Colleague: 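This is the structure, below, for whatever I ask next.
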Amino acid sequence: MTVPKSHLDSAKDLLKHWYGNIDDAIDKRRRSVAMVVRTVPGPRVEAFGTGFFYEKDGIPFFVTAKHVLDDMITSNQRGQRTILVTRGRKEFIDILKYEFFAQPELDIAVAPLLSESFSTYSHVEFWTANEIGSPLDLGLFAFTGFPASRNKTYTTQELKPYQRVITFDRTLVDSGIDSCFLEFPINSRELHSSALISMNLDFPEGISGMSGGPVFAVGGTIDQPLLSVCGMGVAWSNRCTLKILRFDVVDVWLSQYKIW
């Protein structure tokens, strides 16, 4: 049976409309995701990682991947200041002045932002425990973060954080439900990214810098998609799969090891 071209075009338009609304929903929460940059001589900065803000039991956290934290520490040892930049307002956060707690096996690192009042972070937005979802369900998901500068540097005036959104469908579960990590098979020729650009990424360089960014389960309707944080992107494999750490695991870890 041949599907009429008019029907295919209509379906593509509907999908484009859906993706566009997902982009808009993520853009509205742009103050909750941060680009990790380091200073280089000039003075200039270069981007190399992503993280996001999360509040649990009234405690504000910055969340990122452990290997991103390792890069922060290495940069700091080289005399390069590591700072966070959000798209909400060009205000820098000197993140390494906070103490991090990490779990290498989970590739997770969190910094309780307790040394400052909440008013200090009036330019950022925190995800909450009520906005946690499950990555185990089948459906549509979106991964967001800031691509690395790739040896390009910027002055602070030139810096315009570009936040990429990669939207993909999950049709099968690669990992057991008891696993802390899940793998999302992704066809690099069928990715959608922000600005509705069809992507053919060169793995893994195409998303370098996005590690530590949140993965969202997309609910709601086509016209009004709802986002819930279901994981954190930590790696791409040679099989073109996105490896995520389940955020419900992170949430349990925060509860069990709450020593802050």
Side-chain angles (χ1 to χ4, degrees), residues 23 26-54 60-102 107-113 115-116 119-127 143-166 193-195 197 199 201-215 232-236:
D23 283 349
I26 293 176
D27 186 60
K28 289 176 182 177
R29 300 297 296 268
R30 59 187 175 274
R31 298 190 302 159
S32 66
V33 184
M35 179 170 62
V36 184
V37 304
R38 56 180 158 238
T39 59
V40 295
R44 304 176 74 82
V45 296
E46 61 181 2
F48 66 94
T50 301
F52 57 102
F53 300 97
Y54 176 59
F61 294 95
F62 174 69
V63 181
T64 190
K66 169 64 166 56
H67 69 270
V68 174
L69 173 61
D70 292 340
D71 285 345
M72 292 185 200
I73 294 172
T74 299
S75 298
N76 189 59
Q77 291 171 341
R78 294 172 178 168
Q80 299 172 306
R81 182 184 173 206
T82 300
I83 52 181
L84 304 181
V85 185
T86 69
R87 290 179 51 231
R89 196 164 74 197
K90 194 177 286 188
E91 247 181 69
F92 303 123
I93 298 175
D94 191 357
I95 189 60
L96 282 184
K97 71 179 182 179
Y98 300 98
E99 182 178 6
F100 273 85
F101 297 84
D107 198 6
I108 180 73
V110 300
L113 307 177
S115 60
E116 308 282 354
S119 60
T120 304
Y121 307 103
S122 59
H123 65 292
V124 306
E125 188 173 357
F126 292 86
W127 294 94
F143 173 43
T144 190
F146 296 93
S149 298
R150 293 187 183 180
N151 299 318
K152 293 181 180 179
T153 62
Y154 305 89
T155 66
T156 54
Q157 288 74 28
E158 294 171 337
L159 185 65
K160 294 180 180 179
Y162 165 57
Q163 184 176 347
R164 175 175 287 163
V165 178
I166 300 176
S193 79
S194 47
I197 300 171
M199 302 179 66
L201 295 180
D202 179 17
F203 289 86
E205 290 79 8
I207 51 83
S208 176
M210 293 177 67
S211 288
V215 176
M232 180 183 71
V234 294
W236 291 88

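Sequence positions, counted from 1, serve as the residue numbers for this chain. Everything numeric here is computed off the predicted structure, so don't read it as measured data.
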Colleague: Would you call E125 and F53 a side-chain contact if the rule is heavy atoms closer than 4.5 Å?
Modeller: no
Colleague: Report yes if some heavy atom in the side chain of I95 is under 4.5 Å from a heavy atom in the side chain of I83; otherwise report no.
Modeller: no
Colleague: Would you give the length of the straight line joining atom NZ of K97 to atom CG of L113, rounded to the nearest 0.5 angstrom?
Modeller: 9.5 Å
Colleague: Can you tell me how far apart OG (S211) and CZ (F143) are? Round to the nearest 0.5 Å.
Modeller: 6.0 Å
Colleague: Quick one: list whatever passes side-chain contact (heavy atoms from CB on, under 4.5 Å) with T64, sequence neighbours left out.
Modeller: F62, V68, M72, F100, A109
Colleague: Only counting residues at least two apart or in another chain, list the ones meeting salt bridge (Lys or Arg N to Asp or Glu O under 4.0 Å) with D27.
Modeller: R30, R87
Colleague: Say whether T86 and H123, considering side chains only, have a donor N or O and an acceptor N or O under 3.5 Å apart.
Modeller: no
Colleague: How would you list all residue pairs meeting salt bridge (Lys or Arg N to Asp or Glu O under 4.0 Å) that involve residues 71-81, not counting sequence neighbours?
Modeller: R81-D94
Colleague: For the pair K66 and I108, evaluate side chain to side chain contact (heavy atoms under 4.5 Å, CB included) and give the outcome as yes or no after the intermediate values.
Modeller: CA-CA 5 Å; K66 169 64 166 56; I108 180 73; 5.9 Å; no
Colleague: Could you tell me which non-hydrogen atom of L84 sits nearest to which non-hydrogen atom of A34, and how far apart they are?
Modeller: CB-CB, 4.2 Å
Colleague: Kindly indicate whether the side chain of M232, heavy atoms from C-beta on, has any atom under 4.5 Å from the side chain of P214.
Modeller: no
Colleague: Any side-chain heavy atom of F126 within less than 4.5 Å of one from Y54?
Modeller: no
Colleague: Given V45 and R38, is the side chain to side chain contact (heavy atoms under 4.5 Å, CB included) satisfied, shown in steps?
Modeller: CA-CA 5 Å; V45 296; R38 56 180 158 238; over 6 Å; no
Colleague: Are R29 and W127 packed together at the side-chain level, in the sense that at least one heavy-atom pair is separated by less than 4.5 angstrom?
Modeller: yes
Colleague: Any side-chain heavy atom of F146 within less than 4.5 Å of one from V33?
Modeller: yes
Colleague: Hey, what do you get for CZ (F61) to CZ (F101), rounding to the nearest 0.5 Å?
Modeller: 9.0 Å
Colleague: Residues in side chain to side chain donor-acceptor pair (under 3.5 Å) with T39, at least two apart?
Modeller: none
Colleague: How close do G213 and T50 get, heavy atom to heavy atom, and via which atoms?
Modeller: CA-CG2, 3.6 Å
Colleague: Please identify each residue that fulfils side chain to side chain donor-acceptor pair (under 3.5 Å) with Q80, with sequence neighbours left out.
Modeller: none
Colleague: Any side-chain heavy atom of S32 sitting closer than 4.5 Å to one from F52?
Modeller: no
Colleague: Please report the interatomic distance CG(L96) to CG(L69), rounded to the nearest 0.5 Å.
Modeller: 7.0 Å
Colleague: From I73 CD1 over to N76 CG, what is the distance, rounded to the nearest 0.5 angstrom?
Modeller: 8.0 Å
Colleague: Is the closest side-chain heavy-atom distance between V124 and I93 below 4.5 Å?
Modeller: yes
Colleague: Mind checking side chain to side chain donor-acceptor pair (under 3.5 Å) for T82 and listing every partner two or more places apart, or none if nothing turns up?
Modeller: none
Colleague: For residues A47 and M35, report the shortest heavy-atom separation together with the two atoms involved.
Modeller: CB-SD, 3.5 Å
